[in-house]
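Chain identifiers are assigned alphabetically (A, B, ...) following the order of the sequence lines, protein sequences preceding nucleic acid strands; residue numbering begins at 1 within each chain. Because the structure is a prediction, the values reported are computed rather than measured.
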Amino acid sequence: MSTHVMEQLKQLSRGTVEIFTQAELAQRLTEAAQAGRQMRIKLGLDPTSPDIHLGHTVVLRKMRQFQDLGHKAVLIIGDYTARIGDPTGQNTTRPMLTPEQIERNAQTYFEQAGKILDTDPARLEVRHNSEWLADLRLADTIRLAATMTVARMLERDTFDIRYKKGDPIGVHEFLYPLMQGYDSVMVRSDVELGGTDQTFNNLVGRDLQRVNNQPPQIVITTPILVGLDGKDKMSKSKGNYVGVTDDPANMFGKIMSISDAMMENYFTLLTSLPVEQIAELTNPNRTHPKQAKVLLGKTIVAQFHGSAAADAAAAEFDRIFAKGQLPDDMPECPVGATPILLKNLLTLCKLVETGAEAKRMVQQGGVSLDGQKAIDANAEITPRDGMILQVGKRRFARLRVQ
RNA sequence: GGACAGGUGCCCGAGCGGCUAAAGGGGAUGGGCUGUAAACCCAUUGUCGUAAGACUACGUAGGUUCGAAUCCUACCCUGUCCA
């Protein structure tokens, strides 16, 4: 193995959970290099939800590494599977999507993924799996199903758990891994990327390729990113996520809220900093955790918004939270000049949802007017132009008398 | 097709005729502590009303009752088992 390939292997292994198998990857890289051939790196994506967050970017970043080494990203939109809909599983309300919705979602997804991937057509190929799945006949499907056994299906832990618990498993659910595996055959993938939750499905692709006389794809799994709460996986429904379209201030603030212990994980999976540097940064004897976290926040924000925006977000954060000062700019709230009850003013400026909430906030000492803590929600306030209203640490409004 | 079990607030979950705007937990929010945090502590967590209070809420629609989340009827939905 050349030192060149060894270097690549090292890079590609970073932040992965498993590679099936490392030896095959080394060999495939070597062969491709010798033949001057682009490897085809497959990633399936679920077009049921258009928004992507940092959790999705872990695998996308891995894809980008392959692209940077000259290989081709093959993104597969699971439009066929999404169209059928999957009524079982945890998410019982998963809706059936129309082709238009799927296209729209896929489009949005690309715009966001494009912040990480190289979108040069020479490095990116996008396919829909309806291209080949829609034409399968029942006989083909049965042949496909015949390559798998029930016992092997039941090895998959999500099935295993549900089966032992007596939870229902729809027969069609057995078909999903097969369809995804068939995708691999159709695009002749060399490598398939995916989160650890996709391990089984992706390994099925290996089997199907073998059956179809193709060299089996190498499967690389990436970790599931832990959400901001440090407990569950990052997901939109849990609300513990950082969306790639979040504005810089928000993105930075969210990252600053993670616990120190999570920093190493985020540094490794979400930045390209060298491992040695990460070790320095996450050693509290060498680097103050706050400093490290600021750097983490800036680095991540910079990926999506540029470093100027990242610096600005960090400065703003420091001003508001560390120094307790006012933000650079805040929403303005147009008001009349006539006296108004404080609680009504708060709702009017949308700092709180309801009058009841306004009362609560004031009672708890979370409301201030021009820096003066308010004590009575029913106080009459005579609006003055430029007056500053604050609720909690992060909600501000500047009054504009009309 | 049949037999059970169940549908409660953002989520989980207790309640099973009045004392229930509904225990407990989670989450969220506010305050304290801090490094910005996390952990921890305290508080708040239906709407409207200055307040007294009023209104809305326990799958849906009716009914019984002075009074229903709690009882009855029908319907819808979910799960398990039998066929």
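In this structure, Lys233(A) places its NZ atom where only 12 or fewer heavy-atom neighbours from other residues, nucleotides or ligands lie under 6.0 Å away. In the displayed structure, Gln372(A) atom CD is contacted under 6.0 Å by at most 12 heavy atoms of other residues, nucleotides or ligands. Counting non-hydrogen atoms of neighbouring residues, nucleotides and ligands closer than 6.0 angstrom, the CZ atom of Arg394(A) reaches no more than 12 such neighbours. Heavy-atom neighbours of Gln38(A) CD from other residues, nucleotides or ligands within 6.0 Å: above the threshold of 12. Other residues, nucleotides and ligands place more than 12 heavy atoms under 6.0 Å from the CZ atom of Arg400(A). A 6.0 Å sphere centred on CD1 of Ile375(A) holds no more than 12 heavy atoms belonging to other residues, nucleotides or ligands.
With His53(A) contributing its side chain and Gly243(A) its backbone, the two residues share no donor-acceptor pair below 3.5 Å. Side-chain N or O atoms of Thr354(A) include one that pairs as donor or acceptor with a backbone N or O of Glu357(A) at under 3.5 Å. With Gln67(A) contributing its side chain and Arg123(A) its backbone, the two residues share a donor-acceptor pair below 3.5 Å.
With P as the reference atom, C48(B) and A69(B) are 23 Å apart, rounded to whole Å. Only the P atoms considered, G9(B) is 39 Å distant from U36(B), to the nearest whole Å. The C1' atoms of G2(B) and G15(B) are separated by 32 Å, rounded to the nearest whole Å. The C1' atoms of U8(B) and C16(B) are separated by 12 Å, rounded to the nearest whole Å. Remark: the separation of the C1' atoms in G63(B) and C19(B) is 26 Å, to the nearest Å. To the nearest whole angstrom, the two C1' atoms, one in C58(B) and one in G6(B), are 14 Å apart. Nucleotides U45(B) and A39(B) are separated by 22 Å at their C1' atoms, to the nearest Å. Across U65(B) and G59(B), the matching C1' atoms stand 23 Å from one another, rounded to whole Å.
In this structure, Lys373(A) atom NZ and G31(B) atom C1' are separated by 7 Å, rounded to whole Å. Straight-line distance from the CZ atom of Arg394(A) to the C1' atom of U29(B): 10 Å, rounded to whole Å. The distance from atom CE of Met263(A) to atom P of G35(B) is 15 Å, rounded to the nearest whole Å. As rounded to whole Å, 13 Å separates atom C1' of A37(B) from atom OH of Tyr266(A). Going from atom NZ of Lys393(A) over to atom C1' of U34(B) covers 10 Å, rounded to whole Å. Rounded to an integer number of Å, the gap from CG of Asp260(A) to P of A38(B) is 10 Å. What separates CD1 of Ile258(A) from P of G35(B) is a distance of 18 Å, to the nearest Å.
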Produce the list of close N/O pairs, under 3.5 Å, pairing protein atoms with atoms of nucleotides 23-28 of chain B; give distances to one decimal.
| from | atom 1 | to | atom 2 | distance (Å) |
| --- | --- | --- | --- | --- |
| G27(B) | OP1 | Lys231(A) | NZ | 3.4 |

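Remark: Phe317(A), Phe321(A) in residues 314-321 of chain A come within less than 4.0 Å of RNA chain B through at least one heavy atom. Residues from residues 287-300 of chain A lying near RNA chain B, meaning a heavy-atom separation below 4.0 Å, are His288(A), Pro289(A), Lys290(A), Lys293(A) in numerical order.
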Encode nucleotides 43-52 of chain B as B, S and - characters from 5' to 3', where the letter depends on protein heavy atoms closer than 4.0 Å: B to the base, S only to sugar-phosphate, - to neither. BSS-SSBSS-
Run the side-chain hydrogen bond (donor to acceptor under 3.5 Å, both in side chains) test on Ser13(A) and Gln22(A) for me, step by step, so that the C-alpha distance in whole Å, both residues' side-chain angles and the decisive distance to 0.1 Å come before the verdict. CA-CA 9 Å; Ser13(A) 307; Gln22(A) 186 114 19; 3.3 Å; yes
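Across all strands, Met256(A) comes closer than 4.0 Å to base atoms (heavy-atom distances).
Donor-acceptor pairing under 3.5 Å is recorded for the side chains of Ser184(A) and Gln217(A). Side chains of Thr21(A) and Glu24(A): a donor-acceptor N/O pair is present below 3.5 angstrom, by distance only. Between the side chains of Thr271(A) and Arg61(A), not a single donor N or O lies within less than 3.5 Å of an accepting N or O.
Of the candidates Lys10(A), Gln11(A), His4(A), His4(A) is the only one forming a side chain to side chain donor-acceptor pair (under 3.5 Å) with Gln8(A).
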Expected output check: what is the dot-bracket annotation of RNA chain B, where ( ) and [ ] are pairs inside the strand (brackets for crossing ones), | is paired with another strand, and pairs are Watson-Crick or G-U under 3.5 Å? ((((((((.[[[..)..(.....]]]((((((.......))))))(((....)))...[[[[[..)....]]]]]))))))).
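A heavy-atom distance below 4.5 Å is not found between the side chains of Met330(A) and Arg395(A).
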Exercise answer: donor-acceptor pairs, residues 107-117 of chain A side-chain atoms, under 3.5 Å, sequence neighbours excluded:
| from | atom 1 | to | atom 2 | distance (Å) |
| --- | --- | --- | --- | --- |
| Thr108(A) | OG1 | Arg104(A) | O | 2.8 |
| Gln112(A) | OE1 | Ile52(A) | N | 2.8 |

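Ring pair Phe317(A)/Phe252(A) is perpendicular by interplanar angle, where above 60° counts as perpendicular and below 30° as parallel.
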